[in-house]
Visitor: 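I'd like to ask you about the structure that follows.
Indexing begins at 1, ligand by ligand and atom by atom, following the structure's order. Note that the structure is a prediction, hence the values are computed from the model and not measured.
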Amino acid sequence: MSQPYCVRENKPCVGWVQRYFKDCLCNLKDDFSFAFGIISLVCWGVAEIPQIITNFKTKSGHGVSLLFLLTWVAGDVFNLVGCLLEPATLSTQFYTALLYTISTLVLVLQSVYYEYISRWRKRRWMKTNNMVEDEKEPLKPGKDESGIPIPKARGRTHHRREFYYTSARSLAGSGTPPFRTYMRVAKSGPSAMALESDSSSEDESPLLPSKKSGTRPWPIPGAAASYGTFLAASVNLPLGSKALMEVKTGFTNRRLLQEHSMEHSALGQWLGWLMAAIYMGGRIPQIWLNIKRGSVEGLNPLMFIFALIANATYVASILVRTTEWESIKANMPWLLDAVVCVALDLFIILQYIYYKYFRETVSSDGEDYGDYTDASKEVKP
Ligand SMILES: NC(=[NH2+])NCCC[C@H](N)C(=O)O
């Protein structure tokens with residue numbers, strides 16, 4: 001097989017880059033573009049690790065919106081397929097997509113574990129314990145119970161706090177869900193989701209006294225379902241369509257596709273735009289969660305700092321490579337998405353600074369999940 005060659009520069013491509021990334025670096029612009037691509041790849045590679053560690057330390061995933069993570073996963077799928085089909089995308093783009101899909105899956109699984117599986121196990125354990133206790137003791141209101149501001153308890157995020165301030169007996173009543181908890185009509189769209197207040201990660205409102213009972217039912221990811229409906233409806237998934245066949249064929253060989261780029265780039269573009277819409281919309285649940293809680297505890301800002309750098313260098317890698325309109329146009333969904341995400345991540349980082357340093361009443365040891373230790377200050381009226 002002949003060594004790929006830079007025609008204009010009259011020299012061979014950079015060997016290892018060609019070998020591992022199937023990319024031909026011919027000049028300084030290409031080198032810079034590739035370097036930016038690698039920075040982006042590394043940043044995405046590490047971006048989610050701080051959050052995974054924070055979740056692990058707090059044994060919770062309440063700081064990050066699960067909906068946000070799910071939109072990442074959904075966008076990642078379109079991104080991967082779009083990158084495969086669109087020849088104008090760089091190979092670093094594809095590898096970056098592969099890398100963050102994997103780390104996001106880890107983060108999603110971890111959050112689901114802490115927020116649902118582990119909580120469910122705790123609740124089961126509590127129930128069993130309460131039943132045993134109820135058999136031993138006659139029913140009488142505990143003296144602490146009257147002083148407990150149950151409606152203000154922040155429930156899910158602070159399940160440890162619940163254990164301290166909510167009596168075993170009041171927890172035992174939690175089998176009865178608050179009114180309408182289970183009979184939720186699926187609403188679509190972020191605003192509808194925002195109105196939901198008693199399920200999923202987005203259910204903390206520490207600043208406003210809640211009208212609902214302090215005892216909490218097993219959380220159903222209602223908002224997740226609503227938002228999923230919204231996303232599914234807005235992207236109009238191409239299942240069973242001719243497009244799916246094209247994707248199947250496309251997977252077989254990216255090189256082959258490049259030869260027939262005109263045939264397939266339309267689908268690649270289409271998937272790219274779907275990806276962009278999903279990614280851009282995905283930040284909304286996180287921004288909303290922060291606003292609703294009036295707090296950023298449990299959220300690791302490093303994830304958004306890395307994401308910001310990763311998105312910025314991603315844009316740079318594309319724009320430094322070429323300023324030809326044709327290529328920029330083909331990369332438009334990826335460019336626009338990354339630019340908008342930079343702005344949204346900046347917003348989230350500013351939100352973090354605001355809530356952490358200007359609004360947060362709890363002073364912790366510098367860790368944003370430290371409020372568990374100081375829960376009484378927030379819970380007591
Ligand atoms: N699973 C991921 N980290 N996906 C990366 C998403 C990239 C997209 N530009 C965003 O910032 O949302």
Visitor: For atom 1 (N) of ligand 1, what's the nearest protein heavy atom and its distance?
Guide: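 Ranking protein heavy atoms by distance from atom 1 (N) of ligand 1, first comes Thr104 OG1, 2.5 Å.
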Visitor: Just by modelled atom types, is the Leu107 backbone N or O under 3.5 Å from a matching donor or acceptor in the Ser111 side chain?
Guide: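 Yes.
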Visitor: Between Ser327 (side chain only) and Glu324 (backbone N and O only), is there a donor and an acceptor less than 3.5 Å apart?
Guide: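 No, the answer is negative, given that no donor and acceptor are paired below the 3.5 Å cut-off.
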Visitor: What distance do Ser33 atom OG and Leu28 atom CG have between them, rounded to the nearest 0.5 Å?
Guide: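 CG of Leu28 is found 11.0 Å from OG of Ser33.
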Visitor: Rounded to the nearest 0.5 Å, what separates atom CG in Asp23 from atom OH in Tyr95?
Guide: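 OH of Tyr95 is found 10.0 Å from CG of Asp23.
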Visitor: Is there a donor-acceptor pair under 3.5 Å between the side chain of Asn300 and the backbone N or O of Pro50?
Guide: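 Indeed, once roles are kept as given, a pair shorter than 3.5 Å links the two residues.
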Visitor: When you measure from atom 9 (N) of ligand 1 to every protein heavy atom, which one gives the shortest distance, and what is it?
Guide: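 Its nearest protein heavy-atom neighbour is Asp337 OD2, 2.7 Å.
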Visitor: Look at ligand 1 and say whether Glu48 reaches it with a heavy atom at a distance under 4.0 Å.
Guide: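 Yes, Glu48 has a heavy atom closer than 4.0 Å to ligand 1.
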Visitor: Between Asp345 and ligand 1, is there a nitrogen or oxygen pair with a distance under 3.5 Å?
Guide: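 No, no N or O pair falls under 3.5 Å.
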Visitor: Is it the side chain (CB and beyond), the backbone, both or neither of Asn79 that lies under 4.0 Å from ligand 1, heavy atoms counted?
Guide: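 It is neither part, as no heavy atom is under 4.0 Å.
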Visitor: Is the cationic atom of Arg123 (NZ for Lys, CZ for Arg) positioned less than 6.0 Å from the six-membered ring centroid of Trp125 and within 45 degrees of its normal?
Guide: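 Arg123 over Trp125 ring: no.
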Visitor: What protein heavy atom is closest to atom 7 (C) of ligand 1, reported as residue, atom name and distance in Å?
Guide: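 Of every protein heavy atom, Trp44 CZ2, 3.6 Å lies nearest to atom 7 (C) of ligand 1.
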Visitor: If you have a sec, work out which protein heavy atom is nearest atom 11 (O) of ligand 1 and how many Å separate them, to one decimal?
Guide: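 Ranking protein heavy atoms by distance from atom 11 (O) of ligand 1, first comes Arg283 NH2, 2.7 Å.
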Visitor: List the closest protein heavy-atom neighbour of atom 4 (N) of ligand 1: residue, atom name, distance to the nearest 0.1 Å.
Guide: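 The closest one turns out to be Asp76 OD1, 2.9 Å.
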